[in-house]
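Everything below concerns the one structure shown next.
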4 protein chains.
Amino acid sequence: MRHRDETKKQALHKATIQVVKEEGFASASVNKIAKKAGVAPATLYIYFSNKDDLLTSTFMVTKTELSDYILSDFDSAKSLKDNVHAFWTRLYDYVSNYPDDYQYIDQFSHSPLIQHVDTNALEAPYQEFHKALSDGIEQGVLKDIPKPMMLSFILAPVVFLARSRLGASLDNSAHDLDQAFSLAWDAISD
Amino acid sequence: MRHRDETKKQALHKATIQVVKEEGFASASVNKIAKKAGVAPATLYIYFSNKDDLLTSTFMVTKTELSDYILSDFDSAKSLKDNVHAFWTRLYDYVSNYPDDYQYIDQFSHSPLIQHVDTNALEAPYQEFHKALSDGIEQGVLKDIPKPMMLSFILAPVVFLARSRLGASLDNSAHDLDQAFSLAWDAISD
Amino acid sequence: MRHRDETKKQALHKATIQVVKEEGFASASVNKIAKKAGVAPATLYIYFSNKDDLLTSTFMVTKTELSDYILSDFDSAKSLKDNVHAFWTRLYDYVSNYPDDYQYIDQFSHSPLIQHVDTNALEAPYQEFHKALSDGIEQGVLKDIPKPMMLSFILAPVVFLARSRLGASLDNSAHDLDQAFSLAWDAISD
Amino acid sequence: MRHRDETKKQALHKATIQVVKEEGFASASVNKIAKKAGVAPATLYIYFSNKDDLLTSTFMVTKTELSDYILSDFDSAKSLKDNVHAFWTRLYDYVSNYPDDYQYIDQFSHSPLIQHVDTNALEAPYQEFHKALSDGIEQGVLKDIPKPMMLSFILAPVVFLARSRLGASLDNSAHDLDQAFSLAWDAISD
DNA sequence: GATGAATGAGTGTTCATTCAT
DNA sequence: CATGAATGAACACTCATTCAT
């Protein structure tokens with residue numbers, strides 16, 4: 001027998017993201033994805049049980065890559081502000097460097113499929129970071145506001161900027177980014 | 001194109017939003033939309049040139065309803081903070097009261113179709129509000145930061161909150177909303 | 001609009017029987033059926049909700065044609081033996097003259113689909129005939145044996161003969177048929 | 001073709017019958033059959049040249065098991081009536097005890113594949129029994145009617161009873177069975 | 001001998017759109 | 001103006017079979 005080719009699974013994940021980028025989530029068909037991955041449509045069903053499984057699996061893998069990327073600079077020895085800054089910067093970098101991957105995560109998150117994934121599992125890697133935020137609140141460094149709201153101030157602006165076409169004009173501008181981070185930090189810090 | 005029976009066009013717009021809500025953007029077919037609107041599929045093509053036209057038209061109309069709703073309390077005689085507060089509140093109300101309409105705007109905005117709409121035209125109603133912000137910067141009330149970044153701090157949190165399931169826990173909580181607005185205002189004001 | 005074409009539904013029924021005859025029940029695909037009926041595969045779904053519906057509907061219609069054909073000579077004024085003889089003869093004629101229709105009924109009856117049809121409804125036309133048999137038992141003309149067993153003696157031989165390739169050698173032989181009927185009648189009559 | 005591992009071939013035969021029972025003749029795929037037999041789909045092609053070969057081979061083997069079973073009590077020393085009675089009883093037992101096997105024979109016999117099997121070979125085991133019937137005719141014990149017609153009276157009722165759902169009510173009823181045999185015997189005997 | 005990976009051809013079904021009325 | 005019938009193209013998916021190991 002031929003041995004199962006793990007690269008083929010990866011190729012299908014990448015092809016999925018590519019096709020979704022080019023055709024949109026709604027028009028991404030298994031035929032197009034298979035062709036882009038260089039395999040027969042039927043082969044897809046060896047590695048994934050159906051289209052939803054392919055889309056969901058691609059989401060999980062990509063979302064994990066994202067958290068790995070974002071949290072790689074996290075260091076509990078660093079100050080809270082440094083950690084938040086690193087978090088913020090890495091997120092911006094990811095969205096800038098891997099726009100297709102980020103767009104895929106975004107589109108999947110807004111699709112009905114999101115309701116079938118175990119979101120708790122995907123939140124797990126962020127545990128330490130959440131802990132650091134909680135500590136910050138306890139120590140009076142951060143305002144005592146609901147965590148989701150705090151996160152919305154940290155996350156939303158960078159995503160908004162990176163996503164919008166207007167964001168293009170901010171590319172590579174370290175100053176603007178620092179300014180944005182300052183705004184966010186001022187908003188949440190006491 | 002002008003047609004006598006404007007009612008039918010509206011029905012199709014509403015049906016589009018309904019079906020997208022129930023089936024998702026990807027699974028919203030013209031047959032289902034027509035049936036939901038109570039007309040024959042062929043009738044749809046009297047009012048719209050094709051499916052894309054229907055979807056885009058629905059987006060434009062809904063987006064205009066949104067701006068009308070949001071800006072209805074704007075009053076150039078009021079203070080800047082009051083206007084921003086009204087803007088913020090009305091947005092939150094819209095997302096809360098018309099979740100289907102907002103979801104449709106959201107989904108359409110993330111689809112490839114968005115590239116074919118004249119975004120300038122949709123921004124027009126916000127002209128006065130933008131002017132007020134510019135004045136605020138000039139008068140030193142607001143920080144001198146790029147407008148999109150400023151808007152991201154105003155808009156993103158409320159959208160984030162309203163959209164996320166976590167947002168559910170904040171429903172009807174005037175205190176939380178005011179707190180969020182304070183955060184946003186603190187972030188952008190000098 | 002075009003008016004719904006009832007002949008098209010009939011054409012699909014006939015095409016179904018034809019394809020099942022030529023390719024077998026297992027290999028009868030909607031594509032082949034549609035092509036044989038001279039319509040696009042999609043058209044089939046205007047008249048039938050799915051393949052099972054097409055197959056089942058064809059069965060019901062054909063089975064009704066069969067009972068109409070078989071019972072057309074039934075006359076409650078005639079003697080029981082004459083009625084049974086007419087029943088027997090008509091069945092043999094049907095199987096001989098419409099072998100494809102009969103084969104379709106046969107194949108469908110042996111498929112899993114048969115479990116989803118209301119067999120009671122299909123038995124309704126035979127009510128009078130069953131009544132006559134019951135009367136015959138009461139009057140001592142027929143043996144007092146379970147009705148299904150009695151029917152098996154009436155039906156099975158003619159079906160068996162007509163179906164088997166051996167039956168071919170009996171075609172058109174009025175004498176053999178009469179002989180077979182005599183056997184059956186002797187078996188069930190007192 | 002001869003192969004070492006006859007066990008595997010048997011397993012595939014049994015699996016074929018099982019899958020046909022569970023899924024129907026039309027939906028019995030080689031993948032399902034292989035899985036049920038506990039072998040890889042490719043292995044199947046070592047023992048059988050293709051799917052038709054597998055189905056046909058399964059038919060031949062099962063049909064031979066049936067004739068072995070039916071004829072096991074045949075004894076040329078016994079009276080004709082006893083032999084016919086044994087034949088009849090064994091058939092009923094087989095259909096009752098091995099409904100899946102019988103159903104498979106039945107379904108295969110009604111499929112187009114039956115046209116490719118050498119039916120003469122399958123009739124061979126019945127030679128002695130046929131001879132006995134012929135002797136019975138010669139000796140005036142049986143009516144002088146075509147053999148297939150005679151067989152139809154012997155076989156058809158038991159099959160009809162055993163197969164129909166009505167037959168269920170006759171289960172385990174020795175009296176009913178004897179009654180049915182008497183009817184058949186009366187029909188064919190002089 | 002035995003396997004699971006791989007696939008071209010096919011499955012039943014839905015699609016957006018056009019046509020005749 | 002409005003319709004339901006009609007369809008070619010596409011859909012997600014399964015098939016029997018072959019291939020490389």
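More than 12 heavy atoms of other shown residues, nucleotides or ligands fall within 6.0 angstrom of atom NZ in A:K51.
Across the protein-nucleic acid pair, D:L44 atom CG and E:dG1 atom C1' stand 14 Å apart, rounded to whole Å. In this structure, CD1 of B:I46 is placed 16 Å from C1' of E:dA16, rounded to the nearest angstrom. Atom-to-atom, CZ of A:F48 to C1' of E:dA5 comes out at 15 Å; the value is rounded to the nearest Å. Atom CG in C:L12 sits about 10 Å away from atom P in F:dT7, given to the nearest Å. For the pair D:E6 CD and E:dG1 C1', the computed distance is 15 Å after rounding to whole Å. Taking atom CD1 of C:I33 as the reference point, atom C1' of E:dG10 lies 15 Å away to the nearest angstrom. In this structure, NZ of D:K35 is placed 20 Å from P of E:dA2, rounded to the nearest angstrom.
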Tell me, with the steps shown, if D:Y102 and D:Y98 meet ring-ring contact (aromatic ring centres under 6.0 Å, His included).
CA-CA 6 Å; D:Y102 180 73; D:Y98 306 101; over 10 Å; no
Take A:T43 and A:I46 through the side chain to side chain contact (heavy atoms under 4.5 Å, CB included) test and state the conclusion after the steps.
CA-CA 5 Å; A:T43 305; A:I46 296 169; 4.3 Å; yes
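Nearest nucleotide to the B:K8 side chain, out of F:dA2, E:dT3, F:dA6: F:dA2.
Nucleotide E:dA6 forms a pair with F:dT17, judged by Watson-Crick or G-U wobble geometry with both contacts under 3.5 Å.
The closest side-chain heavy-atom distance from B:F48 to B:H13 is below 4.5 Å. Residues C:F108 and C:T56 form a side-chain contact, since some pair of their non-hydrogen atoms from C-beta on lies under 4.5 Å apart.
Dashed line: the shortest gap from a side-chain N or O of B:Y47 to OP1 or OP2 of F:dC1 is not under 4.0 Å.
A salt bridge is absent between C:K32 and C:E22: the closest approach of a Lys/Arg side-chain nitrogen to an acidic carboxylate oxygen does not fall below 4.0 angstrom.
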Summarise how protein sits on nucleotides 11-17 of chain F as a single string, 5' to 3': B when a protein heavy atom is under 4.0 Å from the base, S for sugar-phosphate-only contact, - for no contact.
SSBBBBB
